[in-house]
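Being a predicted model, the structure only gives us computed values, none of them experimental. Note that ligands are numbered from 1 as they come in the structure, with each ligand's atoms numbered from 1 the same way.
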Amino acid sequence: MIHKTLNDREPVPNLTDYATMQASFSWDAARAECAGLSDGGLNIAFEAVDRWVAAGRGEAIALRWLGKNGERRDFSYAELARLSDRFANGLQRLGINPGDRVCILAGRIPELYITALGTLKAGAVFCPLFSAFGPEPVRVRLVKSRARVLVTTTLLYRRKVREQRSDLPHLEQVLLTDSDSDEPGIRSFHTLLEAETDHRPPPRTQPEDWALLHFTSGTTGTPKGAIHVHQAVIAHRLTGCWVLDLRPGDIYWCTADPGWVTGVSYGIIAPLANGATLVVDEAEFDARRWYAILDRERVNVWYTAPTAIRMLMKVGAEALHGHDLGALRFMASVGEPLNPEAVTWGLATLGRPFHDTWWQTETGAIMIANYRAVDIWPGSMGQPLPGIEAAIVQRRSGGVDRLPPGEEGELALRMGWPSMFRGYLEDEERYRQCFAGGWYLSGDLATCDANGYFWFVGRNDDVIKTSGHLIGPFEVENVLMEHPAVAEAGMIGKPDEFAGEIVKAFVALKTGYEPGDALRKELLGFARTRLGPAVAPRELEFVADLPKTRSGKIMRRLLRARELGLPLGDVSTLEGEHLKDSDA
Ligand code: WT7
């Protein structure tokens, strides 16, 4: 156990007495910490930016952007408020209505932040698409979201959207961040902004109006679009304060990409709603660059992920040499299991333990965490946020049974926190299946110990977590099936020392095709071109056929058990005898 003692050289933690706060918490009080709009409304972008301008902190730095080639640009809160007002005005001029979806496909560029905030101010719904997605995941999400506007770069547009534009009848406007010319259906983002004024009346959104759309994956079917409403900001602000220990003026760095939920909830909203300065690094992971940023920018609070921490551990302490991380007050991690060695490595090497936090796209904000003032059991995800009731349960018809401490079951949360998703877009049935007896069921297996700490065990479905990104096996299988040689394909997450898991494909070929290295390379390349490097399989193995249930579903669990040399478990639903290897 890592015992916490308060240290009088550092500011007092925002959450000092976990037990008392947990007992006395009310969401109404948390809501009262938000500024709100004059008519009882609430707006995420107003809470993130404009409230600080109104409070006289407009000149404070909201966003410090570090370009991959060494550029450095600061945006004050006032500047971000003006630019996002302009973008909201521009959307209005384009005829975008409240509730319409605005997608972005871009790396970590300043325009992304302006788009997010301006979209929210206009009452439209902001939907990020990860820039390392290939054309197919981009198309599927643009279709399903019915996006009317896409903000992107010329390169990403050409590579991933242009050829499929005719499949996207809802997509009226593409705004390019790096082009000055307007042509039909394609406009310049900056020309649009320049034509608008800084002035705009305050937003008019209500707490339950849709604000964010985040795609996530399940075992089957197309990606699910989780919908969040404006009052999610109550939870973003609160967790930024209590879990990340943010306060106005802090320098904060979240390394997650805004193409995923962490990079929006904690890479934009929560830190701004707490008056911090966001550090945004456009470049990809590089140990020396990262240590230099932590040092030079005097980062106070750092939110990162286990894959990155494991890579820093691998690079070793010499990369740290000559850097002073003395400004760091708090370090946290999310997205996949954080091994106990990573927690203690943080303490030994960087002088602080990593604090694991648990949440999901669906929960919208951190639900279980290790807090700055609370003792850590390395390997545990921590304890529920005050205001959140978490339990380990077993589903039964019509409800759930709570399980006693130490027993493994599904991690569930009592319904009704402000950042809980309000639906899966056009998927009412899948949404309903997430709830039973007043509980939200997470799909994660976990245990809770006698002290109330939660421990992650695994998933109860077949989704794959690679470098913290959730991949749906079905989306990958579908693409491989389009190749003329492929009869069947099944994906699993294969354990990997750094990425947690990698996507591994099992493929059965059609008659007339022979397994071999050339075909393996071709199939991997085919998948990579369509799906992009973030989603495509890294390994591929040929098999004679895939294990299936009698009803024809691929039993990925068996593929995985065989890969890992584990017992096969219950195979009573297995059809035929399908576990023989081919001569791959
Ligand atoms: C899944 C949710 C967390 C927001 C970004 C990812 C896994 C998340 C932890 C953790 C072990 C974790 C779970 C969860 N996960 N945090 N601290 N320890 N596993 O959101 O893409 O919706 O993924 O990530 O399996 O269900 P997401």
Ignoring hydrogens and angles, tell me if any N or O in the side chain of Thr363 forms a donor-acceptor pair with the backbone of Gln360 under 3.5 Å. yes
So Met367 and Leu413, side-chain contact (heavy atoms from CB on, under 4.5 Å) or not? Walk me through it. CA-CA 9 Å; Met367 297 281 111; Leu413 306 167; 3.8 Å; yes
May I ask you to decide whether Arg64 forms a salt bridge with Glu297, counting only side-chain N to carboxylate O separations under 4.0 Å? yes
Does Gly335 come within less than 4.0 Å of ligand 1, judged by its heavy atoms? yes
Numbering as shown, the atoms of ligand 1 that approach Leu470 to under 4.0 Å (heavy-atom distance): 21 (O)
Would you say the side-chain atoms of Thr219 pair up with the backbone N or O of Asp461, donor to acceptor, closer than 3.5 Å? no
For Thr361, which part has a heavy atom under 4.0 Å from ligand 1: side chain, backbone, both, or neither? both
Classify the contact between Trp359 and ligand 1 as side chain, backbone, both or neither, using a heavy-atom distance cut-off of under 4.0 Å. both
Only one of Arg108, Lys68, Arg289 passes side chain to side chain donor-acceptor pair (under 3.5 Å) with Asp281; say which it is. Arg289
SB check Asp427 Lys144 (cutoff 4.0 Å): yes
4.5 Å side-chain heavy-atom contact, Val334 and Thr262: yes
Say whether Thr357, considering both its backbone and side-chain N or O atoms, lies within less than 3.5 Å of an N or O atom on ligand 1. yes
Using a 4.0 Å cut-off to any heavy atom of Pro337, which atoms of ligand 1 qualify? 11 (C), 18 (N), 19 (N)
Nearest to atom 9 (C) of ligand 1, what protein heavy atom do you find, and at what distance? Trp358 CD1, 3.5 Å
Phe133 ring centre to Arg141 NZ or CZ under 6.0 Å, with the angle to the axis within 45°? yes
Got the closest protein heavy atom to atom 10 (C) of ligand 1, with its distance? Glu336 O, 3.6 Å
Do the side chain of His236 and the main chain of Ser265 share a donor and acceptor less than 3.5 angstrom apart? no
Checking heavy atoms under 4.0 Å, the part of Met381 that sits near ligand 1 is side chain
To which protein heavy atom is atom 1 (C) of ligand 1 closest, and what is the distance rounded to 0.1 Å? Lys465 NZ, 3.6 Å
Give a yes/no verdict on whether any heavy atom in Asp444 is under 4.0 Å from an atom of ligand 1. yes
Kindly confirm or rule out an N or O of Thr262 lying under 3.5 angstrom from an N or O of ligand 1. no
Is it the side chain, the backbone, both or neither of Val261 that has a heavy atom closer than 4.0 Å to ligand 1? side chain
Give the contacting part of Arg459 toward ligand 1: side chain, backbone, both or neither, where contact means a heavy-atom distance below 4.0 Å. side chain
